[in-house]
Amino acid sequence: MFCEDETYVVDIRCVTPCRVVFWNEAAILRWCQQNESVLKNYLRYLTTRIRFLNRRLDALSKNSVPGKLMSYFSSESQEGVLTVKSYTELADTLCLSRATLYRALDTLCAEGRILRDGKKIILLEESI
């Protein structure tokens with residue numbers, strides 16, 4: 001929406017039967033004009049996506065893999081602790097192979113910058 005490019009950047013797949021509503025740009029503009037909360041929520045969503053992508057770009061632009069990881073951990077952790085769903089998903093998020101991810105995690109552990117406890121990654125004080 002609101003873009004000249006007609007390429008879709010998101011692919012949505014439903015795992016159960018559902019109903020889908022398609023709105024054109026004009027209808028969405030009218031809805032936003034008539035309902036301030038719709039506009040605020042849409043802007044909030046867009047802002048959240050922009051910030052997420054900025055953090056991801058920042059992590060990807062670091063020179064070293066451990067640097068990428070520490071940048072990502074710092075931005076995504078809650079009080080110095082990050083719980084990952086899976087290390088495969090983390091590797092995919094950071095555009096790394098699993099082997100590269102595990103080597104970098106081992107390096108950060110050996111340097112005393114993080115502790116790993118299963119799926120929890122704990123940032124040590126000097127790294128926060």
Do you see a donor-acceptor pair shorter than 3.5 Å between the side chains of Arg51 and Thr48? no

Polar contact flag, side-chain donor to acceptor under 3.5 angstrom, Asn41-Arg44: yes

If you measure from [atom1] on [X] to [atom2] on [Y], what distance do you get to the nearest 0.5 Å?
X	Y	atom1	atom2	value
Ser71	Glu76	OG	CD	9.5 Å
Thr88	Leu101	OG1	CG	8.5 Å
Asp92	Ser86	CG	OG	7.5 Å
Ser64	Leu69	OG	CG	8.5 Å
Thr100	Leu94	OG1	CG	11.5 Å
Thr93	Tyr87	OG1	OH	13.0 Å

| Is the charged tip of Arg113 near the ring of Phe73: under 6.0 Å from the six-membered ring centre and within 45° of its axis? | no

So which heavy atom on [X] is nearest to which on [Y], and how close?
X	Y	result
Leu108	Pro66	CD2-CB, 3.8 Å
Ser37	Asn35	OG-OD1, 2.7 Å
Ser77	Leu123	OG-CD1, 3.7 Å

Min side-chain heavy-atom separation [X]-[Y] under 4.5 Å:
X	Y	value
Glu89	Val84	no
Val65	Arg103	no
Leu115	Lys120	no

Should [X] and [Y] be regarded as members of a common hydrophobic cluster, given that ILVMFWY residues are connected when their side-chain heavy atoms come within less than 4.5 Å of each other, either directly or indirectly?
X	Y	value
Tyr102	Ile121	yes
Leu43	Leu29	no
Phe2	Leu46	yes
Leu53	Leu90	no
Val21	Val38	yes

Original post:
Relative to the ring of Trp23, is the ring of Trp31 parallel (under 30°), tilted (30 to 60°) or perpendicular (over 60°)?
Top reply: perpendicular

Where do Tyr42 and Ile28 land on the side-chain contact (heavy atoms from CB on, under 4.5 Å) test, with the steps shown first?
CA-CA 10 Å; Tyr42 186 59; Ile28 291 172; 5.8 Å; no

Stepwise side-chain contact (heavy atoms from CB on, under 4.5 Å) test for Thr83 and Gln78: CA-CA 9 Å; Thr83 303; Gln78 298 291 326; over 6 Å; no

Please check if the number of heavy atoms outside Glu25 that lie under 6.0 Å from its CD is greater than 12. yes

